[in-house]
Amino acid sequence: MDRISRDNENTPTGELSAEDSSIHGLGSLLSGHPDGISLNGESVILPSEFDDMSFNTSAFESRVNGFRIVGIDDSTVGEPAFLPTPEKLNDKRYMNEEKEGCVPSWLSDAPSWLKIAIVVSSALLIGACVLLTVAAALNAAGNSARSDTSSMSSGNMQFPPWSPPILIDSPQPTTQPTTSPSTSLRPTFKGETFAPSMHPSTPLPSTIPSAPPSAATLTPTEIPSNKPSNIPTQIPSSAPTNMGSSIPTIFSSLLPTVIPSFAPSEVSSNNPSSIPSIVQSNSPSAAITAPAITGTKTVFYLTAGRPLDDDLRLFEENLGKIQKDSDFMVHLGDFNKPFITECVEESYEQVNLLFARSTVPVYFIPGDNEYNDCPDPNQAMGFWKKHLLDYELEYWPTPSWEVLRDEEPYDPNFAFVLRRVLYVGINLVGGKVHDEEEWKNRQEANLNWIQTQFSEYRKEFDVMILFTHADPNITTNDDFFKPFFERVRTTYNFPVVLVHRNLGMQGSGLEQNYEDIQDLVVLVVKGDAWPPMKVEIDTRSGSFSWDQGNW
């Protein structure tokens, strides 16, 4: 900033020298009023008395490029005007100093195209930061809504306990009809009632004797009859007979017979025969079965993914150490890694051999990495069925419960009832939709499979546990989850536990009343890592617990 020479002896007060006027073009502008203030050499604030006057702004702007009038202010009246001297106008260093401010000179002097590029780049950078912030906030909200599953490794909850029916012993049969209508003694189940009979029972004599048989009839004779009896004895003899009977006994002998029977016994003997049978059995012996179902608590395990490195070693070392009194294990899919294995058949053989070490039978359901994300989905599903369909029967005895399979091509779906819990596994995956019609038909088949089991076994279970691979948040499966959730909300009057493999970096966890639906529970299983999740459920007490920590 510089002062216009107001005190110059050769210049009258209030006037500009000819030199100043010729350089700045201010003579015609100020008309002898040097009270204008130049702020930075490029603008002028005029006193308010110029409000009603006209200026020759064109002369001002043409003589000094860039000068402009920025306002009129009373504070300038009577004050000396400041403008750059002619020497400083020609001094580039001075002019650069005058221009310095919050914007660096290299930017203010930059060409227009560069300034535009800088502005656009800055806007894109700010927009990206905003999007990242919003995504982080949504992710945090999602994790909070799922009960912070990434940090949960165990938990428990309570179902309504199941009250078993009271069984009443039948009275002794009579040979006379009753004179009054009988009342059914059949136990009732949840949601089912029976009305008493309105008609008298039919007068049929009892086929069961009123008195128990005498001890003599239960004891075998010392000397066998020449002709075998048509009805076998109810109690085995203490010593074997010399001749084999033509009809097998109901119960096995305490000791094997000297001469083998010509027909096999219905129950194997306590000790095997030392002499092989002369004539082979008409039918082979029944397959070895699992122990009978006892108690009310079921223990099973859940896993997913393909363990590698240390986790693979832990699986190999510990699958054979799982408690033998447990019931089963379910693999929720993704044991394959298409970008590593390319879904070659060997990868399916490897997982088959790995889980054969388990002490409990293993059920598999497909994941998208098993077939849907493979280079050839149809070939990959063929490998899956060849090595993993009915896998639970390949290395373990036939279970004590009946396992049902859906019809081809939906036979990966299975179901069984065990201790009043209905377990259902379905082929529900994420990933790319290769064929919209196939995708829709498979989801409809899954819904039908669940509904069929519900209708068939409703009186035999109090809780349903559904095994899937896909997360409910995957929108490509809305055609399944939306109607299924609506059934849980409006039709099912029992707890439903939806089990699925974790999505991305999500950990294990449990969320009750999912989507604000009463009795809907979502259980997330972390894959690729040891240990599997251990689940215990007892419908008699209503207890449910899970642990994917250090059980």
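Computed from a prediction, not measured in an experiment: that's the story for all the values here. Position 1 is the first residue of the sequence, and the numbers go up from there.
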Distance only, no hydrogens: is a donor on one side chain within 3.5 Å (strictly under) of an acceptor on the other, for [X] and [Y]?
X	Y	value
Asp390	Tyr363	no
Asp538	Thr296	yes
Tyr371	Asn427	yes
Asn413	Asn446	yes
Gln453	Arg458	no
Arg420	Thr539	no
Glu370	His469	no

Heavy atoms, side chains only, cut-off 4.5 Å: are Leu498 and Pro472 in contact?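 Yes; the side chains approach each other to less than 4.5 Å.
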Find out whether Leu510 and Val521 are in side-chain contact, i.e. whether some heavy atom of one side chain is under 4.5 Å from a heavy atom of the other. yes
Would you indicate whether [X], at its atom [atom1], is surrounded by more than 12 heavy atoms from other residues, nucleotides or ligands within a distance under 6.0 Å?
X	atom1	answer
Asp435	CG	yes
Lys297	NZ	no
Glu408	CD	yes

Is there a salt bridge (charged side-chain N to carboxylate O under 4.0 Å, His left out) between Asp528 and Arg501? Walk through the geometry before answering. CA-CA 10 Å; Asp528 304 326; Arg501 189 230 204 277; 3.1 Å; yes
[atom1]-[atom2] distance between [X] and [Y], expressed to the nearest 0.5 angstrom:
X	Y	atom1	atom2	value
Thr298	Phe544	OG1	CZ	11.0 Å
Asn336	Glu342	CG	CD	10.5 Å
Phe454	Tyr492	CZ	OH	6.0 Å
Ile426	Leu428	CD1	CG	4.5 Å

Taking [X] for its side chain and [Y] for its backbone only, find out whether a donor-acceptor pair lies under 3.5 Å.
X	Y	value
Arg487	Leu447	yes
Asn318	Lys321	no
Thr341	Lys337	yes
Asp334	Asn369	yes
Asn372	Lys432	yes

Do the charged groups of Arg405 and Glu392 touch, with an N to O distance under 4.0 Å?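 Yes, charged N to carboxylate O under 4.0 Å.
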Glu444 and Arg442 ion-paired at < 4.0 Å: no
Centroid-centroid distance, [X] to [Y], less than 6.0 Å:
X	Y	result
Tyr423	Phe414	no
Phe335	Phe355	no
Phe484	Phe480	yes

Between Ile537 and Ile465 the two heavy atoms that sit nearest each other are CD1-CD1, 4.2 Å
Relative to each other, are the rings of Tyr391 and Tyr395 parallel, tilted or perpendicular (30° and 60° limits)? perpendicular
Phe328 vs Phe300 aromatic rings, parallel, tilted or perpendicular, using cut-offs 30° and 60°? parallel
Given Met533, which partner from the list Leu523, Thr303, Asp547 fulfils the side chain to side chain contact (heavy atoms under 4.5 Å, CB included) test?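 Output: one option passes, namely Leu523.
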Verify side-chain contact (heavy atoms from CB on, under 4.5 Å) between Val497 and Met157, making sure each step is shown before the conclusion. CA-CA 11 Å; Val497 181; Met157 64 179 181; 4.3 Å; yes
Contacts of Glu486 meeting salt bridge (charged side-chain N to carboxylate O under 4.0 Å, His left out) (sequence neighbours excluded), chain-then-number -> Arg489
In a check of side chain to side chain donor-acceptor pair (under 3.5 Å) between His387 and each of Glu394, Glu345, Gln350, which one passes?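 With His387 as partner, Glu394, Glu345, Gln350 yield a single side chain to side chain donor-acceptor pair (under 3.5 Å), made by Glu345.
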Just do the salt bridge (charged side-chain N to carboxylate O under 4.0 Å, His left out) check on Glu317 and Arg313 with the steps written out, would you? CA-CA 6 Å; Glu317 295 176 353; Arg313 177 181 55 81; 3.5 Å; yes
Step by step, work out the salt bridge (charged side-chain N to carboxylate O under 4.0 Å, His left out) result for Asp411 and Lys385. CA-CA 9 Å; Asp411 42 349; Lys385 290 186 177 182; 2.9 Å; yes
